[in-house]
Amino acid sequence: MTYELEVLFGASLLYLLVLFLVAYVTDSGLIPEKWTSNSFVYVLSLGVYATSWSYYGSVGFADQEGFQFLTIYLGVTIAFLLTPLLLQPILRMTRDYQFSSLADLFAFRFRSQLAGALVTLFMLVGSLPYIALQIRAVTSSLRVLTQEVTPQFLALGFCIMLILFAIMFGARHISPREKHTGLVAAIAFESLIKLAALLLVGLFAVFEVFSGPVELSRWLTSHPEATEALYQPMREGPWITLLFLSFCAAFLLPRQFHMIFAENRSFRSLGTASWAFPLFLLLLNLAIPPILWAGNHLGLEMDADYYVLGITLVKGPEWLPVLAFIGGVSAASAMVIVTTLALSSMSLNHLLLPASYPDPKVDLYRWLLWGRRLLICIIIMAGFGFYELLEHNQGLVQMGLISFVAVAQFLPGIIGVLYWPRATRLGFIAGLLGGIAVWSVSLLLPLLEQSGFMESGIDLQNLHQSSGLGQWPFATFWSLACNGLLFVAVSLLTRQSAEEREAALACHSDSTLSTPLEGVVTATSPHQFEEGLAQIVGRETAEMEVTQALHDLGMSADESRPRELRHLREQIERNLSGLIGPQMAHMIINRRLGMDSQAKIALADSIRHMEERLEESRSRLQGVSADLDTLRRYHRQILLDLPLGVCAVTPDHRVVLWNLALEVMSGVSANQAVGRKLSALPQPWAQLLAGFALAQDEHIPHMEIQVDERPRWYNLHKATIPEPDLTQPKDSSRTGLVMLLEDLTDLENLEAELAHSDRLATIGRLAAGVAHEIGNPVTGIASLAQNLREEQDPVIIEESIEAILEQTRRISSIVQGLMNFSRSGSGSAGTDYQTFALKEIVEDAIRLVQLTRKGRQVECSNRCPPHLQLVGNRQRLSQVLLNLLTNACDASRPGDEVEIFAFEKQNQIQLEVMDQGQGIPEQVQESIFEPFFTTKKPGEGTGLGLSLVHKIIQEHNGQIDVDSVSGVGTRVVIRLPSQAPPSDAAPHTPGDHL
Amino acid sequence: MARQPDSDQQKEHTLLLSLFALFLFASPFTVWWASDHQPWFLPYLLWLLIILLCFWLSIRYRHHDL
């Protein structure tokens, strides 16, 4: 059976269009996201590993080297088994720092443009044989199907098709940073086609060439050399070398790195891939032995590489060879497209951009896009050139393995990145150069020589024979030995720069703490970042990048805290690195968004930074560090849980600590407060705390402020603390502050309630007396009025009216006194300071006390001079007097006298209440002012009276003393300042103290 | 992203599995089972065994996925 060239070419084109359609439909969202971000789509997309080498070349490899062909996939299995140790750390780094390739990773870690460029160049050179191999597979398969020699331009045509599709898949959008979900879906589809085609051909081999599994096993039994041919090379060939090479290739090949890491969308997918991808490879290879045996059985006279096509040509439906051919095209094109995309972005970031950075006036995104497209063309054409140069009788396997040994040179570097922070840039470069040199001499040059491309005097091809090793073990061993030795030796002999050390810790998968942030950002707003960037990337790009970074971090555009700005700077660098590679991004950010390394880092930032890092690495701390961390948490918890509000600030008044109680009190969360200056906090806290911080006093009791238009009271305390400077030796001239806020509002309200209750209780006690006192005049008025009805004499009428009025006045004064007394004292009564005559309130108090039975039995004498004036809360001082008089009367016997004296003495007014009662026993005297302390029987008094008296006198900045002798009497002395209102109890603003 | 304490255990088990795989496929034991009289699908069976063990481990440590 033969086929027409045009038919096959058309079929390939059609297939590629279908592939593109899959990508397009995915990208435009027509397929639901759920399907396209499925783990199994990801797993299938990794199937790009199996190229036409797997598709065709495995059978040829099996024919020559038996089961050795499985090593190419067993090595991958082992690499994926090690996902948690090997692949996941790399994925984490790739996501954190937005690497798009292995070159980005190395350039970041070693902070070296040279490293990135070297890796890129080597990857390019190492990939060319592989690309050439794909082209060869397609042209050879065309030849097998058409039985003609393929015209030269067909290979070129295929390459041009590939260039177009690569551009359409990966360089279509203006912003090349977006993930290519379409590409991933297309590659997954392509893997399915490959798998289906190969399995179909396998089934065809088993059921059509042999008439079923039974016949196959009979054939095998009668041809034991078939299985022998499979097993024998396993025992003798370079089995372990090949395993090792495919292990490295599994994740270091550019297309593999790209699909596994750069296009990955979730950690979970990688976890699934650890077993699902090897399973895919197993299924793919299941068909190989049957196809081989079918080919042998049919006695095909062609390169075993193409048995896949060969056996379908001899028998079977017409469409099967075409399907098989499409499978091959699929495998080849996927490899070329993905590899080219990966290589083009690498070359852009590490070769093109550093060499010729675009003018800031040019739109950066557009420039990047066209740069990419150009590179895609160049790379594929270079692959074509390599294909042309090579001798056509090279086995497919040889060309593939050369690439494998090339990428294996990056293994020492990767292990160093993950597990050896001491590795240095020079060590890496030296190792790489050494490995490349040995690779070139042992593999590349022989290949070129064999094709007649060049001549060298050395017998390179047989170099390995003198060592007794096969070609591949020889090349692998010596290149890696050289690489590894130079890497380790030169790393140990050289030192790292500070930047490198920082990058090393960031990459090291076991790092517990990264270095503390050094230096302070010089910019004070995101807008300044835009200004700085605009000069290199152009205004529009700068704006877009800064906006994107702000969006990523959920930050507002008027952020000003240094710590947050530093996060912003890091995010901008990360985003830019996804665009132009980490090295360029780092350079630009360093140059344009500078840091002031001399400025002392704000303590607030360091502390928060340190705490965050400790949180992250909590489970990794061990031994003393873990104990210290536990102790730190314990102390921090104490501070956080204190019922007092705690606020610690740095010498320049930036908040460092803002505990939970303070959050609740103020409604300002710790996140908002920490890092800000006190004056930048919301009012009224800014004024309160900033003012207190500057005030002389270390304690301010009873500070009243208005919060949400309601008054609240706080006791404020502060103390200085030396600042623990985390980056510099002790400098005792800088001291911070810790401020404590005690919320007294509830207490104040409670005391006001108590005072009110006490008043009401007093009134209750007076009620009986009141009733009596009002009752008498009312009776008097009633009888006078009755008499008036019949009275004619105007004089007596006049007298009676006077008497009635007198009685009503008496009633009024009692009622007024009661009303005055009972008026509720809310907190703001504390502000009601008046000037009044002392004698008056004493009179009021006496009048009230005489409403009680006891009060009437005792004679109260007011000996206060009329000129003495008091300034204070009239109502509360009345309460004081009433309480004292009540106590005095209760203690006296009927007929005793209670005297009230007052006089002025040294700027104070002294008021004395003396009784001749039973006195207060000495052991009780200390406790009389305690709340709820009473010597009376239950029901006769609350025990609150004297404590309230004490409090009220204190509020007025006065003193109260009790002088008492049992059996003789008691003298209560009150001293009050005479003129100025008591300063501390009056409300004032913090500004008063400045 | 705080690591759980038994992610160390996951790493240990992974390492163990890899060593087992190497034992099967890259040790003198390989030479032993790769004798001429074995059925042709034996390597595939052993390969499948490794895959199944890996699957089992991944199920077991699924909650570590981020």
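Chain letters run A, B, ... following the sequence lines, proteins first, then strands; residues in each count from 1. Because the structure is a prediction, the values reported are computed rather than measured. Heavy-atom basis, side chains included; hydrogens, waters and symmetry copies ignored.
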To the nearest 0.5 angstrom, please state how far the [atom1] atom of [X] sits from the [atom2] atom of [Y].
X	Y	atom1	atom2	result
B/Trp56	A/Trp275	CH2	CH2	15.5 Å
B/Thr30	A/Phe67	OG1	CZ	13.5 Å
A/Arg235	B/Trp33	CZ	CH2	10.5 Å
A/Leu283	B/Ile51	CG	CD1	8.0 Å
A/Leu81	B/Leu53	CG	CG	9.0 Å

Nearest heavy-atom neighbours spanning [X] and [Y]:
X	Y	value
A/Tyr231	B/Pro43	OH-CD, 3.4 Å
B/Gln10	A/Pro84	NE2-CG, 4.0 Å
A/Ser274	B/Cys54	O-SG, 3.5 Å

So what's closer than 4.5 Å to chain B heavy atoms on [X]: side chain, backbone, both or neither?
X	result
A/Tyr73	both
A/Leu282	both
A/Leu279	both
A/Leu82	both
A/Leu286	both

Quiz item: Quick one: of A/Ile240, A/Ile78, A/Leu230, A/Leu74, who has the most non-hydrogen atom pairs under 4.5 Å with chain B?
Solution: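 Most heavy-atom pairs under 4.5 Å with chain B: A/Leu74.
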Quiz item: Is a side-chain donor-acceptor pair under 3.5 Å present for B/Trp47 with A/Thr77?
Solution: yes
Quiz item: Yes or no on side chain to side chain contact (heavy atoms under 4.5 Å, CB included) for B/Tyr44 and A/Asn285, after CA distance, side-chain angles and deciding distance?
Solution: CA-CA 9 Å; B/Tyr44 291 96; A/Asn285 285 286; 4.2 Å; yes
Quiz item: Tell me, side chain or backbone of B/Leu42 under 4.5 Å from chain A's heavy atoms, or both, or neither?
Solution: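 Interface part for B/Leu42: both.
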Quiz prompt | Engaged part of B/Leu48 at the chain A interface, taking heavy atoms whose separation is under 4.5 Å | solution = both
Self-check item: Candidate pair B/Leu15 and A/Leu85, rule side chain to side chain contact (heavy atoms under 4.5 Å, CB included), full reasoning
Solution: CA-CA 8 Å; B/Leu15 206 51; A/Leu85 286 169; 3.6 Å; yes
Exercise. Using modelled atom types only, decide if a donor and an acceptor are shared between the side chain of B/Trp40 and the backbone of A/Ser217 within a distance under 3.5 Å.
Key: no
